[in-house]
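Before any comments, here is the structure.
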Amino acid sequence: QVQLVESGGGLVETGGSLRLSCAASGTILRINSMGWYRQAPGVQRELVAVVTSGGSTNYADSVNGRFTISRDNAKNTVALQKNSRKPEDGAGYYCNADLWVRGVARRAEYWGQGTQVTVSS
């Protein structure tokens with residue numbers, strides 16, 4: 001069984017910074033990519049940023065230059081540093097991992113339960 005646990009959400013002022021963290025644990029053989037998605041009420045979940053095992057990153061245009069994703073392959077963790085927050089950044093943020101499950105050699109995608117971020121104007 002695989003679990004992704006997020007932490008670091010909360011209230012931040014416009015222009016402020018916040019750091020989200022996610023730790024993957026369980027029967028993991030290898031993690032291909034880890035990323036962050038967000039979903040506001042009534043809006044489809046969207047990609048925020050993703051990082052591969054080799055360190056390649058991809059960002060949504062709306063956060064490029066303001067957010068930074070980083071990963072620790074040894075610890076199976078991923079972090080999202082969010083600077084210059086805007087009101088529209090408020091949403092539920094979800095950690096995602098594309099990985100191979102140990103023992104059954106099965107590739108699967110897993111999600112965390114999400115952490116809420118609220119940006120005050």
Side-chain angles (χ1 to χ4, degrees):
Q1 188 173 358
V2 175
Q3 284 188 320
L4 273 61
V5 179
E6 302 107 331
S7 61
L11 177 66
V12 62
E13 295 183 347
T14 298
S17 299
L18 196 67
R19 183 178 178 88
L20 303 183
S21 298
C22 172
S25 63
T27 53
I28 299 170
L29 177 62
R30 184 178 72 249
I31 300 178
N32 298 314
S33 65
M34 298 187 78
W36 290 93
Y37 289 70
R38 67 185 180 188
Q39 186 171 23
V43 179
Q44 189 173 0
R45 187 173 295 187
E46 63 174 358
L47 171 70
V48 177
V50 63
V51 57
T52 67
S53 57
S56 298
T57 58
N58 188 39
Y59 294 92
D61 290 341
S62 59
V63 306
N64 200 16
R66 298 188 297 120
F67 291 8
T68 301
I69 190 170
S70 60
R71 176 174 169 177
D72 187 329
N73 290 333
K75 297 180 179 180
N76 288 338
T77 60
V78 65
L80 185 69
Q81 179 67 39
K82 303 184 292 182
N83 301 323
S84 303
R85 299 305 306 276
K86 300 179 180 180
E88 55 265 37
D89 292 328
Y93 282 74
Y94 297 85
C95 179
N96 172 272
D98 173 15
L99 57 86
W100 287 92
V101 179
R102 190 176 68 240
V104 296
R106 175 175 59 88
R107 183 174 180 175
E109 186 176 37
Y110 287 86
W111 293 88
Q113 292 188 331
T115 183
Q116 184 66 36
V117 174
T118 302
V119 182
S120 63
S121 57

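Every value quoted in this text rests on a predicted model; they were computed, and no experiment measured them. Both backbone and side-chain heavy atoms feed into the values below; hydrogens, waters and symmetry mates do not.
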For this session: Only counting residues at least two apart or in another chain, list the ones meeting side chain to side chain contact (heavy atoms under 4.5 Å, CB included) with Q39.
Result: R45, Y94

Seminar exercise, completed: Sorted by chain and number, sequence neighbours left out, side chain to side chain contact (heavy atoms under 4.5 Å, CB included) with Q3 holds for S25

What I'd like to find out is whether the side chain of [X] reaches to under 4.5 Å of the side chain of [Y], using heavy atoms alone.
| X | Y | value |
| --- | --- | --- |
| L11 | S120 | yes |
| R107 | D98 | yes |
| L20 | V117 | yes |

I need the minimum non-hydrogen distance between [X] and [Y], along with the two atoms involved.
| X | Y | result |
| --- | --- | --- |
| A49 | L80 | CB-CD1, 4.2 Å |
| A91 | A40 | CB-N, 3.9 Å |
| A79 | R19 | CB-NH2, 3.3 Å |
| N83 | S17 | OD1-OG, 2.9 Å |

For this session: Please list all pairs passing the side-chain hydrogen bond (donor to acceptor under 3.5 Å, both in side chains) test where one or both residues lie in residues 46-59, with sequence neighbours left out.
Result: R38-E46

Listing, residues 26-36 side-chain donor-acceptor contacts under 3.5 Å, not counting sequence neighbours, or none:
unit_1	atom_1	unit_2	atom_2	d
T27	OG1	Q1	N	3.0

For this session: Mind checking ring-ring contact (aromatic ring centres under 6.0 Å, His included) for W100 and listing every partner two or more places apart, or none if nothing turns up?
Result: none

For this session: Say whether F67 and V78 are linked into one hydrophobic cluster, either directly or through other cluster members, by side-chain heavy-atom distances under 4.5 angstrom.
Result: yes

Exercise. Under a 4.5 Å side-chain heavy-atom rule over Ile, Leu, Val, Met, Phe, Trp and Tyr, are V63 and I69 clustered together?
Worked result: yes

For this session: Could you tell me whether the side chain of Q113 and the main chain of V5 form a donor-acceptor pair under 3.5 Å?
Result: no

Exercise. Do any pairs count as a salt bridge (Lys or Arg N to Asp or Glu O under 4.0 Å) and have a residue in residues 65-83, sequence neighbours left out, and if so which ones?
Worked result: R66-D89

Problem set entry | Derivation and outcome, side-chain contact (heavy atoms from CB on, under 4.5 Å), residues K86 and V119 | CA-CA 7 Å; K86 300 179 180 180; V119 182; 5.9 Å; no

Exercise. Taking atom CD of E13 as the centre, does the number of heavy atoms from other residues, nucleotides or ligands within less than 6.0 Å exceed 12?
Worked result: no

For this session: Report, as yes or no, whether the 6.0 Å neighbourhood of atom CD on E88 holds more than 12 heavy atoms from other residues, nucleotides or ligands.
Result: yes

Exercise. For the residue pair Y37 and W111, does the interplanar ring angle fall in the parallel (under 30°), tilted (30 to 60°) or perpendicular (over 60°) class?
Worked result: perpendicular

Exercise. Rounded to the nearest 0.5 Å, how far does CG of L4 lie from CG of L99?
Worked result: 7.5 Å

